[in-house]
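The block underneath contains the structure these notes are about, expressed in structure tokens.
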Amino acid sequence: MTDSHEKMIIIGAGAAGYTAAIYAARANLSPVVLAGLQPGGQLTITTDVENYPGFADVVQGPWLMQEMQQQAEKVGSRIIYDIATSINTELNPMQVILDSGEIMTTDTIIIATGAQARWLGIESETIYNGRGVSACATCDGFFFRERDVVVIGGGNTAVEEALYLSNLCNSVTLIHRRDTLRAEQILQDRLFKQANICVEWNYNVTKILGSDSGVNGVCLTSTKDGSQKEISTQGVFVAIGHDPATKPFKNILDLDEEGYILVKAGTTLTSKKGVFAAGDCVDKIYRQAVTAAGMGCMAALDAEKYLASIGD
């Protein structure tokens with residue numbers, strides 16, 4: 001049973017989804033935003049935001065997303081607190097199946113479901129998240145200027161984060177559970193040439209140490225003999241990868257080997273007509289709120305152009 005028909009359904013309520021909604025609503029498309037499990041996206045678990053344009057002072061991530069939501073609603077978007085479990089792009093109009101059992105039909109879909117950082121899964125990581133523990137050096141590195149930090153991981157992301165932080169921090173310690181890195185050789189060469197970066201080989205971080213003022217150290221456990229040691233640090237950057245929230249679209253849209261949605265270069269067009277994608281479910285390079293918002297704008301404009309073409 002079909003419960004409602006919409007011109008546009010936006011799946012995801014982060015920076016990309018809300019920006020798409022703002023642009024689409026201003027074009028009189030009356031978009032519906034499916035808020036999903038985490039309305040506001042990654043910024044709802046980000047405390048201090050200092051790099052989003054337009055704010056001279058530090059703002060709070062949850063507040064910023066609340067402002068985006070209110071702006072989207074003010075110009076004519078409708079927010080539905082439900083989860084899209086699947087889409088059917090073979091029907092005309094397309095269908096969006098919700099967790100509640102409702103089926104909505106739509107002329108266009110914008111997917112802005114984002115991605116989530118992989119975490120270590122230890123209790124102390126949760127305790128100090130936002131108080132010295134981060135999964136984004138570009139977002140939070142500025143707060144650790146002239147301090148000692150650690151980066152956990154051994155792939156491209158970890159090495160890139162370590163290199164970025166080396167320009168801001170007093171020292172960077174890369175902690176890797178193996179004795180070789182998985183990062184591209186050119187990145188490894190840059191890493192080993194950087195004087196203020198050192199590597200702790202064959203160690204896992206098993207506990208993050210701290211006090212009321214935040215992180216002050218990590219406990220390492222050897223992957224070879226189980227021995228332990230502690231090193232002092234003021235910041236912990238977890239760089240063991242991200243998981244795009246794209247499982248509902250597997251075998252429906254073209255995804256890359258990591259699960260990110262593939263779009264036509266320079267656009268937000270997916271492999272299915274009328275379906276567009278924006279934000280961190282597409283972008284595995286920059287992963288910033290401002291780039292997600294930019295892609296949300298692109299998706300709304302691409303979708304508006306598509307609707308005009310089928311109207312003709």
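Computed from a predicted structure; not experimentally measured. Heavy atoms only: backbone and side chains are in, while hydrogens, waters and symmetry mates are out.
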Side-chain heavy-atom pair Val215, Ile208 within 4.5 angstrom cut-off: yes
Pairwise distance CD1(Ile231) to CG(Leu209) - rounded to 0.5 angstrom: 10.0 Å
Spacing of OG1 belonging to Thr291 relative to CE belonging to Met298, to within rounding of 0.5 Å: 11.0 Å
Test item: Val159 and Leu163 side chains (from C-beta on) under 4.5 Å apart, heavy atoms: yes
Path from Val32 to Ile22 over hydrophobic side-chain contacts below 4.5 Å: no
Contact summary for Ser271 and Ile252, nearest pair of heavy atoms: OG-O, 4.4 Å
Distance-only donor-acceptor check, side chains Asn129 and Glu125, under 3.5 Å: no
Residue pair Arg177, Ile240: steps toward the side chain to side chain contact (heavy atoms under 4.5 Å, CB included) verdict: CA-CA 11 Å; Arg177 59 184 178 177; Ile240 55 177; over 6 Å; no
Listed once per pair and sorted, the disulfide (SG to SG under 2.5 Å) pairs that draw on residues 177-238, sequence neighbours left out: none
Enclosure of Gln188 CD (heavy-atom neighbours >12, cutoff 6.0 Å): yes
From CA spacing to verdict: side chain to side chain contact (heavy atoms under 4.5 Å, CB included), Val236, Tyr128: CA-CA 9 Å; Val236 175; Tyr128 293 106; over 6 Å; no
Qualifying side-chain hydrogen bond (donor to acceptor under 3.5 Å, both in side chains) pairs, either residue in residues 11-30, two or more places apart: Tyr18-Gln69
Flag for Ser227-Asp225: side-chain donor and acceptor within less than 3.5 Å: yes
Side chain to side chain, Glu67 and Val59, heavy atoms closer than 4.5 Å: no
Donor-acceptor contact present, side-chain Asn204 to main-chain Thr206, <3.5 Å: no
Working for side chain to side chain contact (heavy atoms under 4.5 Å, CB included), residues Leu187 and Asn156: CA-CA 7 Å; Leu187 291 174; Asn156 284 348; 3.5 Å; yes
Mutual orientation of the aromatic rings belonging to Trp201 and Phe192 [parallel < 30°, tilted 30-60°, perpendicular > 60°]: tilted
Shared hydrophobic cluster for Leu174 and Leu220 (ILVMFWY, side-chain gaps under 4.5 Å): no
Donor-acceptor pair, side chain of Gln95 and main chain of Asn88, under 3.5 angstrom: no
From Ile87 atom CD1 to Met104 atom CE, the distance as rounded to the nearest 0.5 Å: 14.0 Å
Ala278 versus Ala299, closest heavy-atom pair with distance: CB-CB, 4.0 Å
Reported CD-to-SG distance for the pair Gln116 and Cys281, which is rounded to 0.5 angstrom: 12.5 Å
Val282 versus Ala277, closest heavy-atom pair with distance: CG2-CB, 3.5 Å
Within 6.0 angstrom of Leu91 CG, more than 12 heavy atoms from elsewhere: yes
Heavy-atom side-chain contact between Leu307 and Glu304 under 4.5 Å: no
Side chains of Val149 and Leu168 in contact at under 4.5 Å (non-hydrogen atoms): no
Identified side chain to side chain donor-acceptor pair (under 3.5 Å) counterpart of Asp148 within the set Asn170, Thr173, Asn196, Thr233: Asn170
Enclosure of Lys207 NZ (heavy-atom neighbours >12, cutoff 6.0 Å): no
Heavy-atom side-chain contact between Thr85 and Pro248 under 4.5 Å: no
Closest non-hydrogen atom pair between Ala21 and Ala72, with its separation: CB-CB, 4.1 Å
Validation row: Trp63, Val49 side chains within 4.5 angstrom (heavy atoms): no
In one Ile/Leu/Val/Met/Phe/Trp/Tyr side-chain cluster, 4.5 Å: Val218, Val199: no
Where Asp283 and Met295 come nearest, the two heavy atoms and their spacing: CB-SD, 4.2 Å
Over 12 foreign heavy atoms within 6.0 Å of CZ, Arg131: yes
Same apolar cluster (I L V M F W Y, side chains within < 4.5 Å links), Ile110/Tyr260: no
Check against side chain to side chain contact (heavy atoms under 4.5 Å, CB included), Ile109 and Lys272: CA-CA 10 Å; Ile109 298 171; Lys272 297 292 185 179; over 6 Å; no
Within 6.0 Å of CD in Gln185, more than 12 heavy atoms from elsewhere: yes
Within-4.5 Å side-chain heavy-atom neighbours: Ser4 and Glu102: yes
Heavy-atom closest contact (Ala292 atom, Asp280 atom, distance): CB-OD1, 4.4 Å
Ser77 side-chain N/O to Ala25 backbone N/O, donor-acceptor pair under 3.5 Å: no
Linked, directly or transitively: Val290 and Phe142 (ILVMFWY side chains, under 4.5 Å): no
N/O donor-acceptor pair under 3.5 Å between Thr223 side chain and Asn202 backbone: yes
Exam field: side chain Thr113 to backbone Thr246, donor-acceptor pair closer than 3.5 Å: no
Interatomic spacing from CZ in Arg190 to CD in Glu160 - rounded to 0.5 Å: 8.5 Å
Separation between NZ of Lys7 and NE2 of His5, rounded to the nearest 0.5 Å: 9.0 Å
Flag if over 12 foreign heavy atoms under 6.0 Å of OH, Tyr286: no
